[in-house]
Amino acid sequence: MPTQQYIPPLNFGIVEENLYRSGQPNELNFPFLEKLGLKTIIFLAPEEPNQRFLNFVDDQEYKLFHLGINANANAWDPISEEVVLEALELILTPSNYPVLVTCNLGRHRTGTVIGCLRKLQRWNLTSIFEEYRRYAGPKVRVLNEQFIELFDTDLVRVPEVAGIKNM
């Protein structure tokens with residue numbers, strides 16, 4: 001009898017306890033995601049997730065928030081401040097946990113949101129950019145780093161009982 005293999009999605013990482021990041025999962029990753037006991041998935045890509053992923057989300061009864069839908073957007077457009085603020089509001093809502101933040105490859109849009117979260121957690125910029133670059137690899141986008149650096153954390157409403165540490 002073959003044993004079940006648990007394969008994490010591309011660029012998977014643990015951000016905090018019960019907060020994860022990755023590229024868009026595929027069928028090979030579904031058993032792994034089931035083990036995480038997810039409640040919420042925040043999908044940041046402007047295009048629609050693939051149908052198999054949507055079917056999986058529906059079967060598992062996860063809450064899916066597809067942010068950044070824009071008919072005129074393409075994968076190269078930077079993430080908007082509005083989308084980052086929406087994503088952070090979802091991340092800072094404890095009832096959404098466990099949460100997966102994802103986009104196509106888990107690099108730029110996901111990295112920007114997580115970078116802004118780190119800024120909210122008062123990480124220094126060197127550490128934020130090191131984490132961003134670890135996932136972006138050779139495809140670092142200076143505009144995303146600039147966005148994180150200039151992001152105004154005062155725009156974020158932090159609930160009194162947020163699920164994230166160090167705020």
Side-chain angles (χ1 to χ4, degrees), residues 5-71 73-121 128-141 143-145 147-148 151 156 162-164:
Q5 291 189 355
Y6 298 104
I7 302 167
L10 179 70
N11 274 327
F12 177 81
I14 300 171
V15 178
E16 293 285 343
E17 184 178 350
N18 290 318
L19 176 60
Y20 311 98
R21 61 173 293 160
S22 76
Q24 182 177 183
N26 63 42
E27 304 79 42
L28 293 174
N29 311 131
F30 295 165
F32 178 85
L33 293 181
E34 286 179 47
K35 288 290 184 187
L36 296 178
L38 296 172
K39 201 170 184 183
T40 304
I41 297 177
I42 302 169
F43 187 72
L44 300 169
E47 51 278 333
E48 286 294 321
N50 72 52
Q51 192 57 51
R52 288 184 181 142
F53 178 64
L54 291 173
N55 293 343
F56 171 74
V57 167
D58 192 46
D59 290 345
Q60 297 300 312
E61 299 180 354
Y62 297 152
K63 290 185 285 185
L64 175 65
F65 294 91
H66 186 185
L67 308 181
I69 302 170
N70 182 344
N74 67 54
W76 292 99
D77 291 338
I79 193 168
S80 72
E81 183 176 72
E82 177 185 359
V83 170
V84 170
L85 290 171
E86 283 181 72
L88 289 174
E89 184 176 333
L90 292 166
I91 290 169
L92 294 173
T93 303
S95 62
N96 288 330
Y97 278 69
V99 175
L100 173 68
V101 180
T102 186
C103 61
N104 287 334
L105 298 174
R107 291 180 178 167
H108 306 298
R109 292 170 186 277
T110 298
T112 302
V113 167
I114 300 304
C116 291
L117 172 67
R118 297 307 195 192
K119 190 169 181 185
L120 197 60
Q121 292 176 302
I128 294 170
F129 293 157
E130 190 281 325
E131 182 179 48
Y132 171 80
R133 291 171 185 160
R134 191 173 342 125
Y135 288 94
K139 305 278 188 178
V140 169
R141 293 185 184 161
L143 282 177
N144 290 344
E145 291 183 336
F147 180 97
I148 294 166
F151 180 71
V156 181
I164 304 300

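We use all heavy atoms of the structure for the numbers below, so side chains are in, but hydrogens, waters and symmetry mates are not.
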Trainee: Supply the atom-to-atom distance N104 CG to R109 CZ, rounded to the nearest 0.5 angstrom.
Mentor: 8.0 Å
Trainee: Between the main-chain N or O of C103 and the side-chain N or O of T110, is there a donor-acceptor pair closer than 3.5 Å?
Mentor: yes
Trainee: Who pairs with L143 by side-chain contact (heavy atoms from CB on, under 4.5 Å), at least two apart in sequence or on another chain?
Mentor: Q146
Trainee: Heavy-atom count check: over 12 atoms from other residues, nucleotides or ligands less than 6.0 Å from Q5 CD?
Mentor: no
Trainee: About how many Å separate CG of L38 and OH of Y20, when rounded to the nearest 0.5 Å?
Mentor: 7.0 Å
Trainee: Looking at every non-hydrogen atom in both residues, tell me the closest pair between I42 and A87 and how far apart they are.
Mentor: CD1-O, 4.0 Å
Trainee: Give the table of side-chain donor-acceptor pairs shorter than 3.5 Å for residues 128-138, with sequence neighbours excluded, one pair per line with atom names and distance.
Mentor:
from: E130; atom 1: OE1; to: R134; atom 2: NH2; distance (Å): 2.7
from: E130; atom 1: OE2; to: R134; atom 2: NE; distance (Å): 3.3
from: E131; atom 1: OE1; to: R118; atom 2: NE; distance (Å): 3.0
from: E131; atom 1: OE2; to: R118; atom 2: NH2; distance (Å): 3.0
from: Y132; atom 1: OH; to: H108; atom 2: ND1; distance (Å): 3.0
from: Y132; atom 1: OH; to: R141; atom 2: N; distance (Å): 3.3
from: Y132; atom 1: OH; to: N144; atom 2: ND2; distance (Å): 3.0
from: R133; atom 1: NE; to: E145; atom 2: OE2; distance (Å): 2.6
from: R133; atom 1: NH2; to: E145; atom 2: OE1; distance (Å): 3.1
from: R133; atom 1: NH2; to: E145; atom 2: OE2; distance (Å): 3.2

Trainee: Rounded to the nearest 0.5 Å, what separates atom CD1 in I91 from atom CZ in F65?
Mentor: 11.5 Å
Trainee: With under 30° as parallel and over 60° as perpendicular, where do the rings of Y62 and F56 fit, or are they tilted in between?
Mentor: perpendicular
Trainee: Under 3.5 Å, is there a donor-acceptor pair between the side chain of R21 and the main chain of G106?
Mentor: yes
Trainee: Not counting sequence neighbours, which residues clear side-chain hydrogen bond (donor to acceptor under 3.5 Å, both in side chains) with E61? List them please.
Mentor: none
Trainee: Between the main-chain N or O of N96 and the side-chain N or O of K63, is there a donor-acceptor pair closer than 3.5 Å?
Mentor: no
